[in-house]
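Below is one structure, written out as structure tokens; comments come after it.
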Amino acid sequence: MERYHSRKIEGYWQEKWQETELYRSVVRPDQPKHYALTMLPYPSGDLHIGHWYAMAPSDCRARFMRMRGYNVLFPMGFDAFGLPAENAAIKRGIHPHVWTLQNVEKMREQLRSMGAMFDWEREAVSCLPGYYKWSQWFFLKFYEKGLAYRKRSPVDFCPQCNTTLAREQVWGEDRHCERCSTPVVKKELDQWFFRITDYAEELLDFSKIDWPERVVTMQKNWIGKSEGAEVIFQLETGDELKVFTTRPDTLWGATFMVLAPEHPLVEKITTEPHRDTVREYRRQAERQTEIERLAADKKKTGVFTGAYAINPVNSERIPVWVADYVMMGYGTGAIMAVPAHDERDLAFARTYDLPVLEVIKPMEGVTADGELFIGLEDGVMVNSGPFSGLPAPEGREKVIAWLEETGRGKRAVNYRLRDWLISRQRYWGAPIPVVYCPSCGVVPVPYEDLPVLLPEDAEFLPTGESPLKHHKEFLHTTCPKCHGPAERETDTMDTFICSSWYQYAYLSPYHEGPLPFAQEEAAYWLPVDQYTGGVEHACMHLIYTRFFTKVMRDLGLVNFDEPMLSLRNQGIILGEDSEKMSKSRGNVIAPDELVERYGADTVRAYLMFGWRWELGGPWDSKGIEGVYRFLHRVWDLLLAPVPGSGEEGDPPAEAIKALRRKVHQTIKKATDDLTEFSFNTYIAALMELSNLMAKVKKDLYQTPAWTEAAESFVLLLAPACPHLAEELWARLGREYSVHNQAWPVWDKELAAEETVEIVIQVNGKIKDRVMIPADAGEDEVREIALEREVIKELLGGKPPRKVIYVKGRLMNILP
RNA sequence: GCCGAAGUGGCGGAAUUGGCAGACGCAGUAGACUCAAAAUCUACCGCCCUCAAAAGCGUGCCGGUUCGAGUCCGGCCUUCGGCACCA
């Protein structure tokens, strides 16, 4: 008999699927829809095993939903702008455009070899003008709504990538670039920002989405909401100094003020005798942030300005200091220091011998850790004038009310989240559609002039300035308003903008018309039902795309609040040495070679079977052999005839029952597991069924029970191994295509066990096992159990004190 | 330091959510087939003691709740992620 030959059948069916447009997804208003989406790849030119690990199980899930009767949209595209293309150009002299499109072409082929149900008619490539026209369109809409603005400020700059970065793209303690791991430096630049902070509060609401707790927590931490009060301190110079505090109940304990070195008031309020030291300190601080932020020895330094502030609650005169432990970028860039109840303030006070005044005492029964009551939120206010004696949480509210009444402050909320810096000083991105006119100022490019085309013939050398700046024809333009000479913005947009709306682009790629996507498609498919991808995007892409969708809703483009209703993260496949895969380590697993050797179906099934999907782990080249053997066994099991079958008498009724039982149990298990993304146990269940089928094959081959088992098996296998299932389906004489069949339904009665083994415990220890009818009641089981020799002996003729019975599982007898 | 996730055989991992710990697979051992090897098939496969059986031990550690704990509660330890002078 012909053996399982993966390469032959996979190529054949991939062509057939394409010819018959099996995976075209079209709007069918009478059918429930399911929009399954997996994160789009960057076209690096090589699909690696991580892509497979993300996409193949996602495809399996999408196929499962399709068989369950949903009209499924499962699109694919490319996040095609970005640095590697430009770097390749610099290094090897290939134009980014050529490099990228070649890579897209290659990866398309690699993706096809996976046998996924992607609808290629909906493919979108973000570097094509028909796509980035709309990325620019969104910029203009954001600008119109006041959500895009230009501002000069100290920003993070990656000296390796030669561009500024968003706060989200700066990682780790050493504040390195997310792409190249180089530590970033600060630069004072004019940059475009998106006002994501306007949506901070709404982004904290996760009630409408089923996302992993992990991602929700990371986003909550990232947004970093803290509630408290803004308090106004009068300075003796007559200036007002605003500070943010989460602890207005500790106001009476404020014994000094601290300004960030960059605080605008510093220069103004510093008195003559202190001017030189303060200036020197500021210079030092500035240098330090640029040179080495790593100095995490946390020694507090600062200088006195000579100025004094008046504490609004008790009119105490308190000194104003400058210190670099206060950051300009958070709150107001100034704090009231309460050394008695804040660790950092205490360290500072100890260093410079400033007074420490205790205003919160532990509640009765609670003892403070040290001599002071640092950081804890409960306690009783003391030394706080009329508020003394109040519990601290209540005090906070009362003090805020009092501040508001007396005009000395107000309730305030602060977020850690910063506005999204979207300017990049690179060539390979969508140009920011703005013109600078000497007489009209900042002028947005009119919608009808979109796209602002990226010129092909730029010099993309990494100078730290945008290459477009040196492209004269691009740079020089006319003002859309006054038609006088003007200059274009030469920075391009962060590629995360392109990926913030790609799920909408797939609906009608490169859409022509007044809006970025077709409304009739949107009305049917949106929002995304199931999103899958890596957790590393928790605080970047996944926040940005939520932000985009909320803005789109406010623009009237969509009528929902969240882009993706459900999200699942896969883990990471490591090299066989348990290290992260990398070319330099030489531990990279190439999927193309695996497909060549084992076939796509084996690779798919192994990626599902080998690990818990959300965890991932090290590759095991022996493990994939096991799955390969399994698929070979399946082939022989379903296709190899049993010589002389059907000749000798009736098949045993018990075996038939057992087989049917297993089939229906497996249907249930597979259904539950795929619903829950438990791919490994789903494959294991198929293996169990095939093991049983192998055992009973010689007795039951070609009986109706066998046929039912065989067909069910193929249907259950179809989402995981689409090619093999299609081939088996055809060879079993069924009509094309297996992927248009309905998912099998399990029959509760057939799946039910007739007899079950229950465990008999005495005092919680297993002493005996006995088969009982599954529907036996407690009394019946008790009778059987107490008659067992072992149990009788252990009880010594006495009646048991107590008997616990768990139906169909166990009986625990206490003597 | 704060937040989160995870610790189960030699390995990847199961365990209907409080009820037979180790499904399924990898690796291993023995056997069958073979001149031989590979492939395939069959059996065994947590630890300890034992010729064997029985007993005993066993889900990171310590304690608790319970007839019964991998699962629940309290306290630790380790690993991996995220955040971090955020006022």
Side-chain angles (χ1 to χ4, degrees), chain A residues 171-173 175 212-222 224-226 228 243-247 250 254 258 260 293 296 298-300 323-327 329-338 341-345 347-348 375 414-418 535-536 538-539 569 571-572 578 605-606 609-612 614-627 629-630 632-633 636 665 668-669 672 678 680-691 694 756-766 769 800-815:
Chain A
W171 287 11
E173 207 169 338
R175 300 183 42 77
E213 203 42 51
R214 185 165 45 148
V215 174
V216 170
T217 308
M218 282 167 77
Q219 293 203 351
K220 276 186 185 162
N221 289 345
W222 187 258
K225 180 180 184 173
S226 38
V243 301
F244 174 72
T245 177
T246 55
R247 296 296 305 272
T250 65
V258 185
R293 331 184 55 92
K298 313 238 155 132
K299 260 220 180 106
K300 297 276 180 292
D324 66 359
Y325 83 92
V326 173
M327 308 287 130
Y330 185 79
T332 62
I335 61 160
M336 63 176 206
V338 184
H341 306 295
D342 183 283
E343 214 176 339
R344 298 149 305 179
D345 296 345
F348 194 79
N414 248 292
Y415 301 92
R416 214 186 66 100
L417 184 72
R418 309 289 166 79
V535 74
E536 67 274 12
C539 294
N569 304 120
I572 296 172
S578 297
Y606 177 56
F609 179 66
W611 309 263
R612 275 166 66 176
E614 67 277 20
L615 293 182
W619 181 260
D620 177 7
S621 50
K622 286 287 188 183
I624 192 170
E625 300 268 357
V627 174
R629 286 199 287 267
F630 165 62
H632 273 278
R633 278 199 303 274
D636 295 342
Q665 286 172 348
K668 174 169 169 38
K669 177 96 180 113
D672 292 349
S678 183
N680 56 346
T681 53
Y682 151 67
I683 301 289
L686 291 181
M687 288 175 168
E688 277 190 52
L689 176 56
S690 83
N691 288 346
V756 289
E757 187 183 63
I758 70 155
V759 164
I760 304 170
Q761 297 181 331
V762 175
N763 253 336
K765 302 238 173 195
I766 298 163
R769 292 156 198 277
R801 188 165 50 87
K802 194 176 175 189
V803 173
I804 293 131
Y805 178 60
V806 181
K807 194 170 182 303
R809 301 206 161 267
L810 120 178
M811 176 160 277
N812 189 6
I813 300 166
L814 307 181

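To find a chain, count down the sequence lines: A is the first, B the second, and so on, and within it residues start at 1.
For the pair A:E614 CD and B:A14 C1', the interatomic distance rounds to 13 Å; values are reported in whole Å. Rounded to a whole Å, the CZ atom of A:R612 is 11 Å from the C1' atom of B:U8. As a whole-Å value, the separation of A:Q219 CD from B:C83 P is 13 Å. Across the protein-nucleic acid pair, A:D324 atom CG and B:A87 atom P stand 18 Å apart, rounded to whole Å. Note: CG (A:N763) to C1' (B:A69) measures 16 Å, nearest angstrom. Protein atom NZ of A:K225 is 21 Å distant from nucleotide atom C1' of B:A84, rounded to whole Å. Atoms OH (A:Y325) and P (B:G1) sit 21 Å apart, rounded to a whole Å. If you take CG of A:D345 and P of B:A87, they are 12 Å apart, rounded to a whole angstrom.
Evaluation of the side chain to side chain contact (heavy atoms under 4.5 Å, CB included) rule for A:E625 yields A:R597, A:Y598, A:R629 as partners, not counting sequence neighbours. In this structure, the ring-ring contact (aromatic ring centres under 6.0 Å, His included) partners of A:W611, at least two apart in sequence or on a different chain, are A:Y53, A:Y606. For A:V756, the side chain to side chain contact (heavy atoms under 4.5 Å, CB included) partners at least two apart in sequence or on another chain are A:E753, A:I758, A:I772, A:A774. With sequence neighbours excluded, the residues satisfying salt bridge (charged side-chain N to carboxylate O under 4.0 Å, His left out) with A:R769 are A:E757. Qualifying ring-ring contact (aromatic ring centres under 6.0 Å, His included) partners for A:Y682, counting only residues two or more places apart in sequence or in other chains: none. Applying the ring-ring contact (aromatic ring centres under 6.0 Å, His included) rule to A:Y325 yields the partners A:F348; only residues at least two apart in sequence or on another chain are considered. Applying the side chain to side chain contact (heavy atoms under 4.5 Å, CB included) criterion to A:N763, with sequence neighbours excluded, gives A:L814, A:P815. A:A334 pairs by the side chain to side chain contact (heavy atoms under 4.5 Å, CB included) definition with A:L241, A:V243, A:L259, A:H263, A:T332, not counting sequence neighbours. Here A:K225 pairs with A:E201 under the salt bridge (charged side-chain N to carboxylate O under 4.0 Å, His left out) rule; sequence neighbours left out.
Atom CD1 of A:I572 is separated from atom CD of A:E536 by 6.0 Å, given to the nearest 0.5 angstrom. Between the CG atom of A:N221 and the CG atom of A:L417 there is a distance of 12.5 Å, given to the nearest 0.5 Å.
Annotation for A:T246 and A:S226: closest pair CG2-CB, 3.9 Å, computed over non-hydrogen atoms. Taking each heavy atom of A:I683 and A:A605 in turn, the nearest pair found is CG1-O, 4.2 Å.
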Please convert RNA chain B into dot-bracket. A pair counts if it is Watson-Crick or G-U wobble with both distances under 3.5 Å; crossing pairs go in [ ] and bases paired with another strand get |. (((((((..(((......[....))).(((((.......))))).((........))..(((((..]....))))))))))))....
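Residue A:G616 is in sugar-phosphate contact alone, with no base atom involved, counting any heavy-atom pair closer than 4.0 Å across all strands shown. Looking at heavy-atom distances under 4.0 Å, A:V326 makes contact with a base.
Comparing B:A37 with B:A30, their P atoms are spaced 13 Å from each other, to the whole Å. Comparing B:C33 with B:C41, their C1' atoms are spaced 8 Å from each other, to the whole Å. Taking atom C1' on both B:C51 and B:G63, the two are 42 Å apart, rounded to the nearest angstrom. Taking atom C1' in both B:U66 and B:A52, the straight-line distance is 37 Å, to the nearest Å. Straight-line distance between the C1' atoms of B:U8 and B:G31: roughly 32 Å, to the nearest whole Å. Comparing B:G10 with B:C61, their P atoms are spaced 14 Å from each other, to the whole Å. Comparing the same atom, C1', in B:A23 and in B:A15 gives a spacing of 8 Å after rounding to whole Å. When the C1' atom is used for both B:U29 and B:C67, the distance is 41 Å, rounded to whole Å.
Of the two residues contacting RNA chain B, namely A:G333 and A:E213, the nearest-nucleotide position lying further toward the 5' end is that of A:E213. Checking A:A334 against A:S678, the closest nucleotide of RNA chain B that is more toward the 5' end is the one next to A:S678.
Taking only side-chain atoms of A:R416, from C-beta outward, the nucleotide of B:G4, B:A84, B:G12 with the closest atom is B:A84.
Taking syn as a glycosidic angle within 90° of 0, B:G82 does not qualify and is anti. For B:U17, the glycosidic angle deviates from 0 by 90° or less, giving a syn base.
At distances below 3.5 Å, at least one donor-acceptor pair connects side-chain atoms of A:N812 with backbone N or O atoms of A:G764.
Judged by atom type and distance alone, A:K220 does not reach the base of B:C3 through any side-chain donor-acceptor pair under 3.5 Å.
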Just the atom pairs and distances: protein N or O near nucleotides 23-26 of chain B's N or O, under 3.5 Å.
unit_1 : atom_1 : unit_2 : atom_2 : d
B:A23  : O2'    : A:E688 : OE2    : 2.8
B:G25  : OP1    : A:N691 : ND2    : 3.1
B:C26  : OP1    : A:R629 : NE     : 3.4
B:C26  : OP1    : A:R629 : NH2    : 2.6

What pairs of nitrogen or oxygen atoms, one from the protein and one from nucleotides 17-21 of chain B, lie under 3.5 Å apart?
unit_1 : atom_1 : unit_2 : atom_2 : d
B:C20  : O2     : A:R769 : NH1    : 2.2

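Phosphate contact (OP1/OP2 of B:C67, side-chain N/O of A:R801, threshold under 4.0 Å): absent.
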